[in-house]
Structure formats: C-alpha cells, structure tokens
A.B. asks: 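What follows is a structure written as structure tokens; I'll ask about it next.
Whatever order the structure lists ligands and atoms in, that order sets their numbers, starting from 1.
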Amino acid sequence: MKTEILIIGSGPAGLMSAYEAASKGHDVAVIERLDRPGGMAASFDINGMRVDYGSHRLHPATSKPLLKILKDVLGEDLQIRNRNGRIRVEEKWVTFPLSFTNLIKSLPPKTVLSLFKDSLTSPFKQPKEETFAEHIKAGLGPKVFDLIYGPYAKKLWGKPAEELHSDLAKKRVSASSHLEILKKLVLSTMRNGQKFFYPRNGYGQICERLAEEAQNKGAKFFFDTEIDSIDLSSPNHAITETKDEIFESKRIWSTAPFGSLAKMLSPSPPPEIIESLNQLNYRAMVLVYLICDHKRLTEFDAHYFPETDTPISRISEPKNYRDTSDPDDFTIICCEVPCWEGDEIWLASNEELGDLMIESLARQGLPKINLLGTETRRLPKVYPIYDLGYKEKFEDLVDWSTKQSRLTIFGRQGLFAPDNLHHALSMGYAAANALQPDGSFDQDFWQSSLEQFQTHVVED
Ligand SMILES: Cc1cc2nc3c(=O)[nH]c(=O)nc-3n(C[C@H](O)[C@H](O)[C@H](O)COP(=O)(O)OP(=O)(O)OC[C@H]3O[C@@H](n4cnc5c(N)ncnc54)[C@H](O)[C@@H]3O)c2cc1C
C-alpha cells in the first residue's frame with residue numbers, strides 16, 4: 001500500500017498528527033498494535049462503567065488551537081468540572097489543588113510554621129547540584145521536600161530524589177517556587193476553584209472522536225497490527241512490513257517508544273545510539289480497579305498519596321469526573337501503583353492486588369470498602385526515569401533522529417517525555433504543521449518545535 005505518511009501509534013500524539021495532516025489534504029495511514037485508539041489516554045468498560053488508565057483530566061493549559069479542535073470534535077460532551085481532590089500528608093487530608101486556609105487548618109501548627117519559614121528563606125537559595133532533590137529544596141524548601149516530593153519521587157521513579165536529574169523536577173513540578181504556588185492559589189481563589197475539562201463518556205472519548213474525525217478526513221487506520229521491519233535504505237521511500245501489509249511511504253512519523261522502534265529499523269542506528277537507548281529506563285504501573293459495593297465511595301475525584309506508607313500513588317473515582325448516567329448501584333476506585341516490570345506488584349494476581357489495596361486504603365483513613373471484584377491493567381512504560389546521566393544519552397538520540405530524513409519521532413514514548421495529553425497533542429500538531437503543501441518537511445520548524453517541547457511542564 002502506498003501512502004504519503006505512515007504514522008506509528010494511535011495515542012493522542014499520533015492521532016493529532018493524523019487528524020491535522022489529513023485535514024490539510026495529506027494522505028495518511030496509522031498503524032496501531034492494539035485494537036483501539038487512545039494509547040494511555042484511552043477508556044474501557046468495567047461492568048458497564050467507563051474507566052480510564054488512571055486519573056486523567058484535560059488541563060486548561062491546553063493551547064487555544066488544540067482546545068478549539070477538541071471542542072469542535074466533542075461539542076457539548078466536553079464538560080467543564082471543578083477540581084475536587086485531596087492529598088494525604090502526615091496522616092491528614094489537605095485539599096488538592098492546595099488552598100491557603102485549608103492548608104493552615106489541616107496540618108499541625110509545627111508543620112505550618114516550618115513551611116512558612118522555608119517560604120521566607122527559599123527565594124534566596126540556589127540549588128547546589130543538578131538533582132531533583134536540590135531543585136525542590138532550593139525552590140520550595142526542605143519541609144515540602146521531606147513531606148511530599150522526596151517520598152513521591154522515590155515512589156514514582158523508584159530512585160531517591162538525590163539520584164534523579166533536576167530536569168525531572170522542572171518538568172514535573174508545575175509550581176516549583178513559593179511565588180508560583182502563591183500565584184496559583186490567588187488565581188484559583190479568583191476563579192472560584194480550579195477547573196478541568198472531561199468528556200461525558202470517559203477520557204478516551206477525546207481520542208475516539210479524533211480517530212473518527214481523522215478517518216472522516218481520509219486517514220486509514222490499521223489496528224491490531226504489529227510492525228516487523230522498517231527499511232529506510234531507499235532514498236525515495238520507506239518500506240514498512242507488517243504480517244498482512246507492506247507500506248511504501250514518503251515519511252514515517254513514530255510515537256512508539258524509541259527503543260522498540262530502533263529494533264525494527266534497517267539500517268540499524270549506530271551501536272552508540274543503541275547503547276544510549278538501552279540505558280534509558282521507564283517505571284511501570286499496575287492499575288488496580290476495585291469494584292465497590294457502594295453508590296459512591298467519596299465525593300472526591302482523586303486522592304494523592306505521596307508518602308511511602310502505601311504503594312499507591314493516587315486513586316480516582318471515575319464517577320466523580322463527569323456528569324453522566326453511570327450505573328447507580330456500584331462505584332469503581334482506580335488505584336495507581338508504580339512498580340518495575342516483573343517485580344512482585346507487577347506479577348501479583350488480581351486477588352492479591354485487591355487485598356493489598358483494600359488493606360492499604362483502610363490505613364489511609366478512607367471508608368471501608370465492600371469489594372465486589374478486582375480488575376487490573378499493566379502499563380510497562382509509564383514514567384521515563386531521568387537519572388543523573390540521562391541528558392547526554394537523550395540528546396544523542398534526538399541528534400540522531402533529526403538526521404533521519406524520512407523518519408520523525410515524537411510523542412511521550414518517542415521523546416522520553418513525562419508529558420500530559422495536551423503536550424502529546426501539541427507534538428502531533430507541530431509535526432503536521434511542519435509538513436508543507438508540496439509534501440516537504442520544514443526541518444527548521446521541527447527543530448524549534450523540539451526545543452519548545454523541552455519547556456513542557458506537567459500539570460498534576
Ligand atoms: C496514570 C496516568 C495518568 C495520566 N493523567 C493525565 C492527566 O490527568 N492529564 C493529561 O493531560 N495527561 C495525563 N497522562 C498522560 C497522557 O496519558 C499521555 O501524555 C498521553 O497518553 C501520551 O500520548 P502519546 O500518543 O504520546 O503516547 P501513548 O498514549 O503511549 O500512545 C502511544 C500509542 O502507540 C502505540 N504503539 C507503541 N508501539 C507501537 C508499535 N510498535 N506499533 C504500533 N503501535 C505502537 C501504543 O499501543 C499506543 O496506542 C497520564 C498518564 C498516565 C500513565
């Protein structure tokens with residue numbers, strides 16, 4: 001099959017690139033190894049209730065052109081919601097996103113005093129080293145680090161914050177100084193709380209609608225399709241082989257993990273690139289869905305657990321994310337449990353995980369759960385780990401990839417980025433906008449887009 005652009009992956013990044021390129025009249029085909037679009041931002045049904053792969057919300061930080069596209073494709077189904085979460089700190093609940101009054105009311109006076117002292121001294125501090133730990137301690141103070149970010153880093157990335165690069169803190173902590181926290185608090189108070197967008201039929205509706213619209217504009221989708229090889233040796237086109245089809249394309253846009261892509265390529269990337277790839281690691285996650293014999297467990301959308309007294313990093317109650325006709329007689333709690341692929345958590349049975357979650361949540365002061373059943377999903381590559389030597393390896397990869405005239409790499413997995421959905425969408429949008437009406441690809445525009453992607457900061 002001949003196509004102008006072959007896109008690998010139908011997660012948000014691949015879908016937005018397909019939608020936008022097809023809208024501009026380009027000939028596009030999308031290969032996806034799963035049987036549905038959406039990647040990590042998809043939804044699925046448990047007992048007739050839509051659930052997501054962990055807590056997902058569309059943040060108002062989404063750029064105007066992207067938000068316009070999403071509003072156009074989702075219409076009235078894109079609901080505006082008030083955030084209503086809590087974070088567990090020192091065995092107390094604090095509202096999250098934070099509020100001044102609640103913070104002072106909820107935490108012990110000694111803790112509040114330490115936080116206040118840090119807020120006075122930290123504007124004068126500079127990080128001593130380029131580590132996650134130093135960046136947070138200098139920006140937010142040692143108390144916030146000890147209470148929240150130190151243990152949270154260990155839980156999410158499986159390494160002490162002292163062994164993680166400061167870039168991770170810059171990309172992952174949206175308010176990394178007291179001034180920024182203050183700005184957020186003031187804005188939130190002015191706006192009567194923080195808002196987010198969420199589609200009526202689950203977060204996955206964003207990608208389902210984008211895929212439908214891309215298809216309406218002519219994009220062809222190949223689901224359940226594994227790639228065997230990609231041959232880039234011809235100066236005129238790339239040849240991609242799958243079990244059922246051979247694709248001849250002018251360009252390949254890949255949102256697959258860089259490491260798995262490299263194994264398919266011929267000619268293969270040089271040994272030093274393969275070596276760098278082998279050293280870039282991801283943390284995995286098991287999602288444990290507790291089907292609960294309660295109409296609702298709590299009124300909150302998400303609960304965050306930074307401390308290490310539970311393996312859970314966050315729980316969410318999908319019913320509380322949307323206004324829709326969810327089943328009334330039960331609710332579902334989705335527990336996010338970061339782990340390593342192949343460790344005890346990864347290999348545990350549904351029953352073992354269900355018991356572990358119930359016992360762990362009871363210790364966190366949540367209502368006792370009457371469990372009807374447990375389902376699980378496993379994501380092997382969730383959080384890219386920025387260890388202290390990651391930067392050079394990552395830059396080598398990007399350098400190599402930008403020299404490939406037919407191959408363009410982007411997306412959360414492609415660019416080893418801990419990004420939000422709106423960032424992944426913006427990468428796809430940029431790729432489509434680098435494409436010129438005559439089919440050429442504007443490398444200067446793409447280079448400046450890659451630099452811009454480095455400034456993405458994740459919203460929690
Ligand atoms: C627990 C959790 C919570 C999150 N919460 C939020 C949130 O609240 N708000 C937010 O904005 N973002 C959130 N995110 C981030 C968001 O899910 C991602 O940014 C987004 O899904 C990334 O899109 P992507 O297209 O780059 O990658 P992916 O979603 O990973 O999609 C990649 C696609 O490529 C396919 N693929 C991979 N390899 C191949 C191959 N060889 N051949 C064919 N297909 C292949 C995969 O199957 C997948 O469909 C969260 C993520 C997680 C894990």
A.B. asks: I need the single residue from W157, Y386, Y390 that forms a ring pair (Phe, Tyr, Trp, His ring centres under 6.0 Å) with F132. Which is it?
C.D. replies: W157

A.B. asks: Any donor-acceptor pair under 3.5 Å linking the side chain of N82 with the backbone of K195?
C.D. replies: no

A.B. asks: Out of the candidates D27, I31, L6, only one should pair with K220 under the side-chain contact (heavy atoms from CB on, under 4.5 Å) rule; please name it.
C.D. replies: D27

A.B. asks: With sequence neighbours left out, write down each residue that passes salt bridge (Lys or Arg N to Asp or Glu O under 4.0 Å) with R33, or none if nothing qualifies.
C.D. replies: E226

A.B. asks: Check each of M49, R377, M357 against Y289 using the side-chain contact (heavy atoms from CB on, under 4.5 Å) test, and report the only one that passes.
C.D. replies: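 The single option meeting the side-chain contact (heavy atoms from CB on, under 4.5 Å) with Y289 is R377.
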
A.B. asks: Salt bridge or not between E359 and R363? Use side-chain N to carboxylate O under 4.0 Å.
C.D. replies: yes

A.B. asks: Measure from every N or O atom of ligand 1 to the protein's N or O atoms and keep only the pairs below 3.5 Å, writing each with atom names and distance to 0.1 Å.
C.D. replies:
unit_1, atom_1, unit_2, atom_2, d
ligand 1, 5 (N), S55, O, 2.9
ligand 1, 8 (O), S55, O, 3.4
ligand 1, 8 (O), R57, N, 2.8
ligand 1, 9 (N), R57, O, 2.7
ligand 1, 11 (O), Y203, OH, 3.4
ligand 1, 11 (O), L421, N, 2.8
ligand 1, 12 (N), L421, N, 3.1
ligand 1, 14 (N), H56, NE2, 3.3
ligand 1, 17 (O), H56, NE2, 2.8
ligand 1, 19 (O), D419, O, 2.8
ligand 1, 19 (O), N420, O, 3.3
ligand 1, 19 (O), L421, N, 3.4
ligand 1, 25 (O), P12, N, 3.2
ligand 1, 25 (O), A13, N, 2.9
ligand 1, 26 (O), R412, N, 2.7
ligand 1, 29 (O), M40, N, 2.9
ligand 1, 30 (O), Q413, NE2, 3.2
ligand 1, 44 (N), R33, N, 3.2
ligand 1, 47 (O), E32, OE2, 2.6
ligand 1, 49 (O), E32, OE1, 2.7
ligand 1, 49 (O), E32, OE2, 3.2

